[in-house]
There are 2 protein chains.
Amino acid sequence: MKMDERKQKILLAIIKDYISTAEPVGSRTISRKYKLGVSPATIRNEMADLEEMGYIEQPHTSAGRIPSHLGYRYYVDCLMELEQLTEQEEGAIRRGYENKVREVGEVLNRTGRMLSQLTNYTALVQTPYLGQSSYKHIQLVLMGPAQAILIVVMDTGAVHHQMMPVPENITQQDLYQISGVLNAKLQGRTMDSIRLTLIKEIYFELAKHRNILDLALELIQDRITSVSEDKIYLEGVFNILNQPEFHNIEKVKVLLSLLEQEDTLRDILETPRDSQGITIKIGSENPRKEMQNCSMITATYQVGDKILGTIGVLGPTRMDYARVVTVIDCMSRNLSRTLERLLKGQV
Amino acid sequence: MKMDERKQKILLAIIKDYISTAEPVGSRTISRKYKLGVSPATIRNEMADLEEMGYIEQPHTSAGRIPSHLGYRYYVDCLMELEQLTEQEEGAIRRGYENKVREVGEVLNRTGRMLSQLTNYTALVQTPYLGQSSYKHIQLVLMGPAQAILIVVMDTGAVHHQMMPVPENITQQDLYQISGVLNAKLQGRTMDSIRLTLIKEIYFELAKHRNILDLALELIQDRITSVSEDKIYLEGVFNILNQPEFHNIEKVKVLLSLLEQEDTLRDILETPRDSQGITIKIGSENPRKEMQNCSMITATYQVGDKILGTIGVLGPTRMDYARVVTVIDCMSRNLSRTLERLLKGQV
DNA sequence: TGTTAGCACTCTAAGTTGATGAGTGCTAAT
DNA sequence: ATTAGCACTCATCAACTTAGAGTGCTAACA
C-alpha cells in the first residue's frame, strides 16, 4: 500500500488532534475540523488503510483512532512542521541566559527550569563533562584544632570543597606553604594529567608534610573530580501530574520511582554516538519498558566542537513534538553559547 | 460529660485503628479487635458520647467513626504511648551521622533523607541560623581577562563562592594583595559585626583598588550571607502519593503547589517562641487552610543552648504520631550532637 | 443503673439495566 | 473513486437495585 498525500494529511490531522485533546479521533471530527474536502466515509476508508499499515490503532471497536508509535515516528520524521517561538519566548530565553551568569551550576539550573516551564513537561539536564578542565587554585584553610578545609577552584568556575583531618600541631602557616606548592605544581594542569613524576616532585619539596599531602592529593583526584561529574538535574517532575494519561496514581508512582534512580536517567538520556543535535525516542524506543507511554527528546550541547553533555525533555508519547523540538533546539544553542562565554578560551 | 477510662480506651482504639486502616471504625470492629469486654451496643453508646464531646465524627450516617482534630489532639496530649525504635533503626540513624561527616549541608541532607525514609512521610529540614558565624578565609582568584572568583570560607565550614567582574588590567598578584588585606581585617569577624570604620580602614590600605573592594564587600555582605540562610530542604515529597487520602490527583496538586513556595514551608515550620522540643500541629492548627487534612510534627535542633533551626515531618492528619514523634526526637538529638561536633567551639 | 440483644432504619458501594451517541465497516448508488 | 445510508459495536452515563455495614432506639436483663 502506498502512502499518498491524502493519507499523510489524514495521519497528520489525527496526530495533531490527538496531541491537543488526548481523545481518540473519529472520521467525522477530521472531516469537520480539518477541511480536506472529502466526506467522513472516505476518511474512514483511508483510516482503515492507515491502520493496516500500522500508523494508527483503535483502542476499541467503536472509538476513534490514536497514533501508534510507528505513526508518531512517521510524523516526526516526515510530517512535522517545526513551530516558531514567539518573540516573547525567545526573548525570555535569551534574557534568562544573559542575566548575571556566574557559574556553570547556575546555568544548568536555569536551563532545566526554563525547559520545563516552556514545555510543561519534565526536563533533564546533564552536567557537562569537564575532564579536560584544569586546576586554577588550591587552598588549605585551618578550621579547628585538627581539621582543615580543602578548596579547589577549577578553571570552569566550579569550586569544590571538602573537610579533611590534619595533624594536631599543624599551623595555618604550614598549610599556606603546602597550598603554595600545590598551586605551583598543579595550576593549569588538567585532572587527567597528574602523573606520578609530578607527585614525586611535590613530595620532594614537602617531605615533612607527607601525610597531609597523601590525603589532599587523594581528595583532589578522587573525590573532588567525581563529585560533580555526570550528575543529572531533574526539573518540573510534577508537570507529569497535568497529563491526563497520568491521572492514575499508580502510573505516576511507577514513573517517579524510575526517575529516582540516577542510572535510569543516564540510560534514557543516552544518545547514539554519531547523533548530532536532536534525538527523539518514542515509546518503546526507550530503554525501559515502563516508559512505553513516554517519549524523550534530547539535544547535545557543546563548547567548540566538543560535546559536553545532553539536555532532554520527558513527556507522554502524546507530547507536542513540534514545540518541544523547537524549544530544546533553541535552549541547547543558548546553553552552548553561554558555556562557551563562561569557559572562554579555557577548555 | 466526663471522660472516664473506658471512653479513653475506646477513643484510643478508634484512633489506632483509623491510623492503620484509614477506614471509619465501627463498634463491632472495636469490640472484636480491642477486647474491652463489652458488647458493640455499649460501645455504640460510648461512641455517641464521644461524638457529642467532639472527639470523633461520622462521615455519614451509616459509617463508623473517625477521629476529629480534637480527638487527635486529645490523643497526642493524653493517650499516646511513644513507640520504641528498634535497635536496628537506632543503629542506622547513629551510623548515618557518624559516617564521614564533613559539612553542614551534607548533614542536613542526610537528616532529610533519613527522616522521610523512616517515617514514609515528607521531611522538612531548615538550614541552621548561623548569623553569628565568622569569616575564616577570603580569597580572590583571577579566572579570565576581566573576571575573578570570590571565595569565602566561614568558620562553620560553609564555603561560598561567586564570580565577579574585575578591571581588565588587574593581575593575580593584585588580587592576592587584596585577599590578604581582607583576610587580615575580616578574619574572625561575625557577619553582623562589619562596621563602617572597618571598611574605611580597608579602603585606606587599598585605595587604588577601591572599585574592586566595593563590589567584593557588597558581595560578601549581601549575597554570600543571604544565599544559604534559611533555606528549607524538602525530602520524600512523593511519599504523599502512598497515602490513600491523596489518591485524588487534584489534592496532590494543591499540596505540591503549596510546597513549591518557600514562604509556605517557612510558615508551616514556624513554631511558637517558647516551645522547647517537639511541636505537633494537627489539621486546622496549620497556618494554611489547604492543609486541613495534614499534620506537622516539628522539633528544634541546637548547638549549646542556642536553637539553630527546625526539622519537621508532614503527613496526613491520620499520621502515625507515636512513631513520628519518636523518630523526630531521636533525629533532632543526633543532628544537634553532630552539628555540635562539627562546629566544635566555633559558634 | 449499667449492659445488652434485637430490630428498624440509613446510607454507601457495587452491580445491573437501558438509553444515548460516537464511531465503525460494509454496500450500493453516484 | 467517492459518498450516502444503514446496521452494528461499544463506552459512558444515569437511574435503579441490592447487599452489607453501621447506627440509634427500645425493652429486657443482671
Side-chain angles (χ1 to χ4, degrees), chain A residues 1-11 13-15 17-18 20-68 71 244-245 247-248, chain B residues 1-11 13-15 17-18 20-68 71 244-245 247-248:
Chain A
M1 201 164 320
K2 229 192 90 215
M3 184 64 142
D4 57 21
E5 196 181 338
R6 195 171 63 188
K7 282 195 179 55
Q8 287 191 342
K9 276 192 180 157
I10 291 175
L11 178 56
I14 293 174
I15 292 181
D17 208 78
Y18 186 64
S20 68
T21 66
E23 297 290 336
V25 191
S27 54
R28 228 181 97 81
T29 312
I30 293 182
S31 135
R32 213 184 325 116
K33 282 215 294 203
Y34 304 82
K35 358 213 140 189
L36 302 185
V38 290
S39 79
T42 310
I43 293 175
R44 278 205 288 283
N45 288 330
E46 297 283 39
M47 281 163 90
D49 291 353
L50 283 171
E51 183 163 4
E52 200 181 326
M53 294 159 78
Y55 292 125
I56 56 180
E57 45 199 34
Q58 236 177 334
H60 51 84
T61 326
S62 74
R65 306 304 214 289
I66 62 175
S68 67
E245 32 271 271
H247 260 35
N248 177 344
Chain B
M1 202 164 321
K2 231 190 91 215
M3 184 64 140
D4 58 21
E5 195 180 338
R6 194 170 64 188
K7 283 196 177 57
Q8 287 191 343
K9 277 190 180 157
I10 292 175
L11 179 55
I14 293 174
I15 292 180
D17 208 79
Y18 186 64
S20 67
T21 65
E23 297 290 336
V25 191
S27 53
R28 229 180 97 82
T29 313
I30 293 182
S31 132
R32 215 185 321 116
K33 281 215 293 203
Y34 304 81
K35 356 213 140 185
L36 302 184
V38 290
S39 79
T42 309
I43 292 175
R44 278 204 288 283
N45 288 329
E46 297 283 39
M47 280 163 91
D49 291 351
L50 283 171
E51 182 163 6
E52 200 181 327
M53 292 158 78
Y55 293 123
I56 56 180
E57 45 200 34
Q58 238 177 332
H60 51 83
T61 327
S62 75
R65 305 303 215 288
I66 63 176
S68 68
E245 32 271 90
H247 259 37
N248 177 344

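This is a predicted model, so every value here is computed, not measured. All chains are named by letter (A, B, ...) in the order of the sequence lines, taking the proteins before the strands, and each is independently numbered beginning at 1.
Proximity of Ile30(A) to Asp17(A): side-chain heavy atoms (C-beta onward) are nowhere separated by under 4.5 Å. When side chains are defined from C-beta on, Val25(B) does not count as touching Arg65(B), because their heavy atoms never get closer than 4.5 Å. The shortest side-chain heavy-atom distance between Met3(B) and Leu11(B) falls under the 4.5 Å cut-off. Between Arg28(B) and Ile43(B), the closest side-chain pair of non-hydrogen atoms is not below 4.5 Å. The closest side-chain heavy-atom distance from Asp4(B) to Lys7(B) is below 4.5 Å.
Taking the nucleotide of DNA chain D with the nearest heavy atom to each of Pro40(A) and Ala48(B), the more 5' of the two is matched to Pro40(A).
In summary, of the residues considered (Ser39(A), Ser27(A), Ser31(A)), a side chain to side chain donor-acceptor pair (under 3.5 Å) with Arg44(A) occurs for Ser27(A) alone. Looking at Ile56(B), Thr42(B), Leu36(B) one by one, the single match for side chain to side chain contact (heavy atoms under 4.5 Å, CB included) with Ile10(B) turns out to be Leu36(B).
The stretch residues 20-39 of chain B comes close to DNA chain D through Gly26(B), Ser27(B), each having a heavy atom under 4.0 Å from the strand. Of the residues in residues 50-63 of chain B, those with a non-hydrogen atom less than 4.0 angstrom from any atom of DNA chain D are Gln58(B), Thr61(B), Ser62(B), Ala63(B).
The side chain to side chain contact (heavy atoms under 4.5 Å, CB included) check on Asn45(A) picks up nothing, with sequence neighbours excluded. Residues forming a side chain to side chain donor-acceptor pair (under 3.5 Å) with Glu245(A) (at least two apart in sequence, or on another chain): Arg318(A).
From the 5' end on, the contacts that DNA chain D makes with chain A at under 4.0 Å to a non-hydrogen atom open and close at dT2(D) to dA11(D).
Residue pairs satisfying the salt bridge (charged side-chain N to carboxylate O under 4.0 Å, His left out) criterion with at least one member in residues 54-64 of chain A, sequence neighbours excluded, are absent.
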